[in-house]
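Accompanying notes for the structure given below.
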Amino acid sequence: MPSRVHQFYAVAFEENFSLRQIAPAFPEARISPLEMFVPIEPDGGLYVFPFGAIVSHDVPVEQRERIFARLTRAMPKLTTRIIREDYSVLEDPAAPIGISGGMLRVDKLTSQRAEIVALTVAQSAAMEYYERIVDSLFARTAQLVDRMASHGTVPYRITPLHRFIGEAISSRTEVLAVLHLLDKPDAAWEDPAMDLIYDDLRDEFDLVDRYAALTSKLQSIQDSLVLVLDVARDRRLVLLEVVVALLILLEIILGVIHFT
């Protein structure tokens, strides 16, 4: 069998997917709890993952766009595509399994191995989406901290801070819920070759370090916001104490005036 290059193309969206909601638009699909697979003639396929990513395998651009149109009809409120990522796999009967020249090389690309590749590329695209969100939160947090460092104060209103903290916690929860899929798939435990492919791809996309950096940034954001909120509350308490003292003083003055 001659060598062949397979193309995987991933797109990550803002929304998570309900596979049951999408399924009627793809009656030919096969659905499992973790993904939906749509076979594409002659030997390609589309993988839809519930964490908001889809991956096409050996699907021409024009056909891929038609598939995206079907997805949009199934989910009318679906946002514009956010993250795109592609990856190539060389299938060569004489090649040992491994990464070389930025490309995965395998002796044979079975459907199970293609599924592992699609999952890893989808995870990388989804992680890039979350990296952008976290970077934005990190920049906004830095502005609050810089203001506190330069002016010695924080915004008087704490409601926006509460909302910001809620947004950071929500993002952290979503990242942890979605990217736990970095756990090794069951199929990789059963096949040493697939285990090697998964480990190589995870290293190629630097998934473990990127995930660690994400969770670390989110924890840093949360800690910084809690500190800023504590400072804002302390200032409001001081102000409240001053107001109470002034009211007591006013009451004393009015009492003195009343008896004079």
Side-chain angles (χ1 to χ4, degrees), residues 5-19 21-22 25-26 34-38 40 44-89 99 102-104 114-140 167-168 170-183 185 198 200-218 221:
V5 176
H6 298 267
Q7 296 292 336
F8 290 81
Y9 180 84
V11 180
F13 295 84
E14 289 184 6
E15 296 84 4
N16 292 337
F17 295 151
S18 168
L19 299 184
Q21 178 184 352
I22 299 173
F26 299 92
L34 297 180
E35 69 179 34
M36 181 175 76
F37 175 71
V38 183
I40 306 294
L46 179 79
Y47 300 85
V48 182
F49 297 96
F51 52 87
I54 62 176
V55 180
S56 63
H57 167 214
D58 289 342
V59 179
V61 176
E62 298 80 7
Q63 193 171 6
R64 192 166 64 214
E65 292 300 322
R66 291 197 295 270
I67 293 172
F68 288 157
R70 291 169 66 183
L71 182 64
T72 302
R73 287 195 294 270
M75 298 182 65
K77 296 183 180 180
L78 190 65
T79 58
T80 304
R81 280 160 261 169
I82 303 298
I83 304 296
R84 299 171 177 83
E85 187 157 351
D86 58 84
Y87 192 70
S88 300
V89 176
I99 304 289
M103 180 186 299
L104 174 67
E115 182 179 335
I116 289 284
V117 176
L119 172 62
T120 312
V121 178
Q123 287 173 341
S124 180
M127 193 173 296
E128 183 176 347
Y129 166 68
Y130 286 110
E131 284 169 343
R132 293 187 182 185
I133 291 178
V134 171
D135 285 343
S136 174
L137 290 173
F138 199 80
R140 290 163 62 188
E167 185 179 347
S170 175
S171 297
R172 184 169 185 263
T173 301
E174 189 170 357
V175 167
L176 293 174
V178 169
L179 298 183
H180 78 280
L181 296 173
L182 291 176
D183 295 342
Y198 181 71
D200 284 346
L201 284 173
R202 192 163 61 168
D203 291 341
E204 175 75 359
F205 289 105
D206 200 20
L207 293 183
V208 174
D209 289 343
R210 289 167 65 190
Y211 177 72
L214 268 180
T215 54
S216 177
K217 278 187 175 181
L218 283 167
I221 290 169

TODO: Take F138 and L218, measure what side chain to side chain contact (heavy atoms under 4.5 Å, CB included) needs, and give me the verdict at the end.
DONE: CA-CA 8 Å; F138 199 80; L218 283 167; over 6 Å; no

Task: Test side chain to side chain contact (heavy atoms under 4.5 Å, CB included) applied to E15 and K77, step by step - done: CA-CA 9 Å; E15 296 84 4; K77 296 183 180 180; 5.8 Å; no

TODO: Take I40 and S56, measure what side chain to side chain contact (heavy atoms under 4.5 Å, CB included) needs, and give me the verdict at the end.
DONE: CA-CA 9 Å; I40 306 294; S56 63; over 6 Å; no

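Partners of S88 according to the side-chain contact (heavy atoms from CB on, under 4.5 Å) rule, which considers only residues two or more places apart in sequence or in another chain, are V5, Q7, M103. In this structure S18 satisfies the side-chain contact (heavy atoms from CB on, under 4.5 Å) test together with R20, Q21, sequence neighbours excluded. Residues satisfying the side chain to side chain donor-acceptor pair (under 3.5 Å) test with T72, not counting sequence neighbours, are none. For D206, the side-chain contact (heavy atoms from CB on, under 4.5 Å) partners are D209, R210, not counting sequence neighbours. Residues meeting the side-chain contact (heavy atoms from CB on, under 4.5 Å) test with R66, sequence neighbours left out: E62, Q63. With sequence neighbours excluded, no residue forms a salt bridge (Lys or Arg N to Asp or Glu O under 4.0 Å) with D200.
By the 4.5 Å heavy-atom criterion applied to side chains, E65 and F68 are counted as neighbours. Here the side chains of H57 and L46 are not in contact, with every heavy-atom distance at 4.5 Å or above. Residues L207 and S124 have side chains in contact (heavy-atom distance under 4.5 Å, counting atoms from C-beta outward). A 4.5 Å side-chain heavy-atom check between Y9 and R64 finds at least one atom pair inside the cut-off. Counting only heavy atoms from C-beta outward, the side chains of F49 and V55 approach each other to under 4.5 Å. Taking the side chain as every heavy atom from C-beta outward, E131 and K217 never approach each other to under 4.5 Å. Between R132 and S136, every side-chain heavy-atom pair lies at or beyond the 4.5 Å cut-off. Side-chain contact check for F17 versus V48: some heavy-atom pair is nearer than 4.5 Å.
Looking only at distances, a side-chain donor or acceptor of T120 sits under 3.5 Å from a matching main-chain atom of I116. Put simply, the side chain of R70 gets close to the backbone of A25: a donor and an acceptor are under 3.5 Å apart.
Between M127 atom CE and I83 atom CD1 the span is 12.5 Å, to the nearest 0.5 Å. We find the CZ-CG distance between R73 and L78 to be 13.0 Å, quoted to the nearest 0.5 Å. Rounding to the nearest 0.5 angstrom, the gap separating the CE atom in M36 from the CZ atom in F26 is 5.5 Å. Annotation: the span from I54 atom CD1 to I67 atom CD1 amounts to 8.0 Å, rounded to 0.5 Å. Remark: Y87 OH to E204 CD distance equals 4.0 Å, nearest 0.5 Å. In this structure, E128 CD and D135 CG are separated by 10.5 Å, a value rounded to the nearest 0.5 Å.
Two rings, from F37 and Y47, have their centers less than 6.0 Å apart.
Checked options D58, L104, V117; the residue passing with F8 is V117 (criterion: side chain to side chain contact (heavy atoms under 4.5 Å, CB included)).
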